[in-house]
Number of protein chains: 2
Amino acid sequence: MAVARRSGPERVPSHPDIREISLQQVLEALVDPIRRRIVRELYAARRELACGTIDLPVSKSTATHHFHVLREAGLIRQYYAGTSRMNALRSEEFEQAFPGLLRALMEQRERE
Amino acid sequence: MAVARRSGPERVPSHPDIREISLQQVLEALVDPIRRRIVRELYAARRELACGTIDLPVSKSTATHHFHVLREAGLIRQYYAGTSRMNALRSEEFEQAFPGLLRALMEQRERE
DNA sequence: CGGAAGGTACGACAGCTGTCAAACTTCGAC
DNA sequence: GTCGAAGTTTGACAGCTGTCGTACCTTCCG
């Protein structure tokens with residue numbers, strides 16, 4: 001499902017409507033430390049970041065996987081800028097759908 | 001670690017100090033819908049509940065497992081009252097360690 | 001054009017974990 | 001004492017998912 005029309009190589013990823021996302025999906029996304037790290041960086045930066053600028057202790061393909069999960073969970077929006085992919089936190093929308101949740105999570109200090 | 005002194009069959013489970021618990025552990029506990037359901041019931045009830053009074057769509061052994069995970073994550077406190085086991089949400093302590101988190105999670109409506 | 005940079009897609013694989021049944025333990029009631 | 005109720009323990013198993021390498025695709029730049 002969520003098949004975007006095939007009109008070539010499909011460089012525009014599909015983003016779910018946030019209202020279709022369950023708390024379950026959000027928690028599954030955020031339970032992974034690497035994904036939480038990504039969201040934390042976006043949250044702290046308060047702006048969009050290219051995949052490349054967020055350095056992660058995993059391979060490129062794994063990173064792609066994590067971004068995909070975050071996108072499917074409605075947490076980020078992705079689009080291309082040249083060869084690099086930009087990531088934007090969907091803060092306002094997410095706040096509407098899950099009031100207070102992102103903030104409560106981000107405010108927690110993580111033990112390093 | 002966290003070995004309670006062995007003085008018989010050990011009916012008193014050990015409870016971790018909440019300060020030793022990581023956000024990771026909490027999220028891992030709360031990502032499971034059944035465990036979230038347990039916590040929700042305790043949160044709504046605002047009092048302790050016996051395992052038996054929380055009916056869950058899983059076998060007894062699986063239920064035991066879930067309670068165990070919640071206990072290890074510092075979310076509940078357990079003790080025996082006769083043959084039944086009581087469960088209490090560790091609300092205040094948890095609030096101190098993870099301010100705003102439990103509430104933010106519990107306030108979210110879950111799609112049934 | 002040709003190459004390099006930045007990502008994606010696809011298998012494959014290992015480890016985790018939620019699940020159950022069966023056997024056992026403890027406590028209360030009769 | 002014996003029986004049942006309530007949970008626990010153990011072992012087994014299946015499914016999920018985070019991980020990687022490799023091959024591939026776009027886009028930019030010289």
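Values below: every heavy atom of this structure, side chains too, minus hydrogens, waters and symmetry copies. Every chain is numbered from 1, with letters handed out A, B, ... down the list of sequences.
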**Q** So what does B/H68 touch, heavy atoms closer than 4.0 Å: a base, only the sugar-phosphate, or nothing?
**A** nothing

**Q** Step through the shown structure and confirm whether more than 12 heavy atoms of other residues, nucleotides or ligands are within 6.0 Å of CD on A/E107.
**A**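 Correct, the count exceeds 12.
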
**Q** Of the listed nucleotides (C/dT19, C/dC20, C/dG7), which one gets closest to any side-chain atom of B/I34?
**A**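 Given the options C/dT19, C/dC20, C/dG7, the side chain of B/I34 is closest to C/dT19.
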
**Q** Side chain of A/K60 only, please: which of C/dG18, D/dT19, C/dG7 is the nearest?
**A** C/dG7

**Q** So what does A/F67 touch, heavy atoms closer than 4.0 Å: a base, only the sugar-phosphate, or nothing?
**A**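 The answer is nothing, as A/F67 stays clear of every strand by at least 4.0 Å.
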
**Q** So, is A/T62 near the phosphate of D/dC20, with a side-chain N or O under 4.0 Å from OP1 or OP2?
**A**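 Yes, A/T62 has a side-chain N/O under 4.0 Å of OP1/OP2 on D/dC20.
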
**Q** Need one value for A/S84: base, sugar-phosphate or nothing, where a base atom within 4.0 Å counts as base even if backbone is also close, heavy atoms only.
**A**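 Sugar-phosphate only.
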
**Q** Please determine, for the side chain of B/D32, which listed nucleotide (D/dC20, C/dG18, D/dT9) has the closest atom?
**A**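 Closest nucleotide among those given: C/dG18.
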
**Q** If the test is side chain to side chain contact (heavy atoms under 4.5 Å, CB included), which one of A/R35, A/Q78, A/E72 qualifies with A/F67?
**A**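 Among A/R35, A/Q78, A/E72, the one meeting side chain to side chain contact (heavy atoms under 4.5 Å, CB included) with A/F67 is A/Q78.
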
**Q** Please confirm whether any donor atom in the side chain of B/S61 sits under 3.5 Å from an acceptor in the base of C/dA21, or the reverse.
**A**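 Side chain to base: pair found, below 3.5 Å.
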
**Q** Can you check whether B/T83 has a side-chain N or O nearer than 4.0 Å to OP1 or OP2 of C/dC27?
**A** no

**Q** Using the side-chain heavy atoms of A/H65, tell me which of these nucleotides is nearest: D/dT19, D/dG7, C/dG18.
**A**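 Taking heavy atoms from C-beta onward, the closest nucleotide is D/dT19.
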
